[in-house]
Amino acid sequence: MNVRHVLELTVKKYPQKPALIFKNNSVSFAQLQEQTYRLANALKKLNVNKGDRVAFCLPNSVQCAYTYLACFMRAAVGVPLDFMLKADEIASCLNHSQARIFITKQKNDVDLNKLRQECPKLEKIIIVDDEAAAGFENFNQLVAAADVDLEDGVVDDHDPALIMYTSGTTGKPKGILLNYKHLEGSPEAMKHFVDLTDQDIKLAAIPLSHIGGFIYLQNCIHFGITVILMERFNPFEFLEMITRYKVTCFHIVPPMYNAILTLKQIDKFDLSSLRWVVVFGAPSSPEILERFHQYCPNAKLLNGWGMTETCPPNTVTPMNSDNIASVGKPAPHCEIKIFNDDNQPVPAGEIGEIVIRGWIIMQEYYKDPETTAATIRNGWLHTGDLGRFDKEGFLYIVGRKKEMIKVGGQIVFAPEVETALHKHPEIAEAAVIGVEDKMKGEVVKAFVVLRKSSVLTTEDVRYFARQHL
């Protein structure tokens, strides 16, 4: 996919239409193109060329959107990092991806000078702040000084486009490598599953660094919709923005619905503009959507499933179905089956591991051939999720096979938490499991054995974990 051509076609159709709205400030499609081109030229001055990795650790913002698109304009590889990552996790991902450029906002718990020392491949750190910081490039100044005329680059579908990290562990970061062809996956799925038009307004509360957040940006430039960006999810503000901007659709994870439903003022908001709403990213129950539906009866309820590795969504409830107990039916550009432990398909109704194949399957786990080979076998990506199909072709998620915990839609690997806890000198042993939680779906529970003479308290361990995870 040539993202530049997609953006230019949309700009020709809707030059003055709002593309992004952030903190009550509107950015038109023409302005989105201009700022993206300027940043792309600024990156060119910093010698960012085809295949170079550009990492960015930003909260939801217009600058984050510009950075994504500017990387694609240079045929570079974007490396989006969750803004909540700690300093050692950021350093681990930067070194693993061998990023040359790092774009970020200053954080109190991240020493950028130390980070630069720990990442020898890192050449430039660009700060997204109003004031210039000594020793670092300033994002606004770079963009303002750059030319708006952009030379056309050559992009092949098989060129790497994104490395998306689902684990920031300092031991072995897990980066999912997607190519430029993969960037077509989500737009193609949206065309099949839902009826997005240029009249739609979507509200993005999921981090853009997450594949679910990136989908919002793809929707924006492909369908000419307006996207309202929330820097961080807040249930009251979420409902307020739906009312203010007449939002027509969104996709969020179950804990967000739970948080919204705890608001006593929920019935004070006008949600009549909503056409459809989707739940993704964690084990969910239809009761959550049905409870939310009381406040937006005009909206169609949809359930869906997919992974970063598979350019989601891969299944969604058909628009003519009310079966939200299921995660829907597969998109036409992928094939999904249920395998038993002998890697053989099972008949409808039987439970097994969900496997998927098609051009939407990731290129690899970056620099991890062993995990890649263990995950993609004979062309099938083994998801680790357990599920079943019914006779009508609806898919149901029943559990997970892999050792991972989904907290609020985010994947947490138990060994990663155990490794962090073992860093403490007073902890002898640690074992981590996931336990059911009404608000987040699952939460992490750790069993810790202290060394003799230790006086660690439960709160001491929690504080230590917050420093390292």
Side-chain angles (χ1 to χ4, degrees), residues 17-29 31-32 35 56-69 80-85 103-105 107 128-129 164 186 190 196 200-221 223 225-263 265-266 268-282 288-289 292 295-296 299 302 304 312 407-410 439-440:
K17 180 184 175 181
L20 303 171
I21 297 176
F22 180 64
K23 293 185 176 180
N24 296 321
N25 294 316
S26 177
V27 175
S28 70
F29 278 99
Q31 290 171 322
L32 174 63
Q35 294 299 101
F56 47 102
C57 186
L58 298 167
N60 283 4
S61 58
V62 293
Q63 290 86 358
C64 186
Y66 299 155
T67 303
Y68 259 117
L69 297 176
L81 302 178
D82 192 309
F83 193 64
M84 299 303 291
L85 290 179
I103 302 175
T104 187
K105 287 179 70 73
K107 298 170 61 178
V128 180
D129 287 305
M164 305 197 85
S186 296
M190 298 299 287
L196 270 181
D200 279 306
I201 300 171
K202 292 192 77 174
L203 177 55
I206 297 175
L208 294 181
S209 57
H210 188 285
I211 191 70
F214 177 56
I215 288 173
Y216 281 97
L217 183 57
Q218 292 175 291
N219 288 173
C220 177
I221 66 170
F223 299 96
I225 70 169
T226 298
V227 172
I228 317 297
L229 288 175
M230 290 188 73
E231 186 172 49
R232 192 169 182 175
F233 175 70
N234 174 289
F236 185 89
E237 292 177 6
F238 188 84
L239 296 180
E240 193 177 45
M241 287 186 176
I242 292 174
T243 301
R244 185 190 316 165
Y245 293 108
K246 305 299 180 186
V247 171
T248 62
C249 44
F250 61 77
H251 58 269
I252 54 177
V253 295
M256 291 178 170
Y257 283 103
N258 282 327
I260 290 168
L261 290 168
T262 62
L263 292 176
Q265 314 97 317
I266 185 172
K268 305 298 182 185
F269 293 94
D270 179 8
L271 309 182
S272 61
S273 61
L274 291 171
R275 296 198 307 113
W276 49 262
V277 299
V278 188
V279 60
F280 272 111
I288 297 174
L289 276 178
F292 183 76
Y295 307 101
C296 56
L302 303 173
V407 182
Q410 294 286 340
M439 180 66 73
K440 296 185 176 181

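Residue numbers count from 1 along this sequence.
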- Which atom names give the shortest non-hydrogen contact between Leu20 and Ala65, and what distance separates them? CD1-CB, 3.7 Å
- Note on the structure: In this structure, CD of Gln218 is separated from CZ of Phe223 (nearest 0.5 Å) by 9.5 Å
- Item | Of all pairs that satisfy side chain to side chain donor-acceptor pair (under 3.5 Å), the ones with a partner from residues 201-210, not counting sequence neighbours | Lys202-Asn219, Lys202-His251
- Who pairs with Leu274 by side-chain contact (heavy atoms from CB on, under 4.5 Å), at least two apart in sequence or on another chain? Ile242, Val247, Phe250, Leu271, Val277, Phe292, Cys296, Ala299
- Gap separating the NZ atom of Lys246 from the OG1 atom of Thr226, nearest 0.5 angstrom: 15.5 Å
- Only counting residues at least two apart or in another chain, list the ones meeting salt bridge (Lys or Arg N to Asp or Glu O under 4.0 Å) with Glu240. Arg244
- Message: Can a donor-acceptor pair be found, under 3.5 Å and without considering hydrogens, that links the side chain of Asp270 to the backbone of Thr243?
- Response: no
- Task: Examine distances only and state if a side-chain atom of Ser28 and a backbone atom of Pro18 form a donor-acceptor pair shorter than 3.5 Å.
- Result: no
- Could you please spell out the steps behind the ring pair (Phe, Tyr, Trp, His ring centres under 6.0 Å) verdict for Phe233 and Phe238? CA-CA 7 Å; Phe233 175 70; Phe238 188 84; 5.7 Å; yes
- Taking the side chain as every heavy atom from C-beta outward, state whether Ser186 and Phe214 have any pair of such atoms under 4.5 Å apart. no
- Message: Please give me the minimum heavy-atom distance between Ile228 and Met241, naming the atom from each residue.
- Response: CG2-SD, 3.9 Å
- Item | Side-chain heavy atoms of Met230 within contact of Ile206, under 4.5 Å | no
- Note on the structure: Output for pair (Thr248 OG1, Trp276 CH2), nearest 0.5 Å, gives 7.5 Å
- Item | Nearest heavy-atom neighbours spanning Ala205 and Met256 | O-CE, 3.9 Å
- Query: Does Lys105 make a cation-pi contact with Phe83, if we ask for NZ or CZ under 6.0 Å from the ring centre and within 45° of the axis?
  - Reply: no
- Message: Ignoring hydrogens, what is the shortest heavy-atom contact between Ala19 and Leu32? Give both atom names and the distance.
- Response: CB-CD2, 4.0 Å
- Item | Heavy-atom pair with the smallest gap, counting every atom of Cys57 and Asp82 | SG-O, 3.4 Å
- For Thr104, side chain to side chain donor-acceptor pair (under 3.5 Å) partners two or more places apart: none
- Query: When rounded to the nearest 0.5 angstrom, what distance separates CG in Leu203 from SG in Cys249?
  - Reply: 10.0 Å
- Ser26: partners by side chain to side chain donor-acceptor pair (under 3.5 Å), with sequence neighbours left out: none
- Query: Can you list every pair that meets salt bridge (charged side-chain N to carboxylate O under 4.0 Å, His left out) and has a residue in residues 227-239, with sequence neighbours left out?
  - Reply: Lys23-Glu231
- Residues Val279 and Tyr257: closest non-hydrogen pair is CB-CE1, 3.8 Å
- Query: Is there a donor-acceptor pair under 3.5 Å between the side chain of Asp200 and the backbone N or O of Ile225?
  - Reply: no
- Message: Is it the case that atom CE in Met84 sees more than 12 heavy atoms from other parts of the structure closer than 6.0 Å?
- Response: no
- Are the side chain of Tyr68 and the backbone N or O of Leu208 linked by a donor-acceptor pair below 3.5 Å? yes
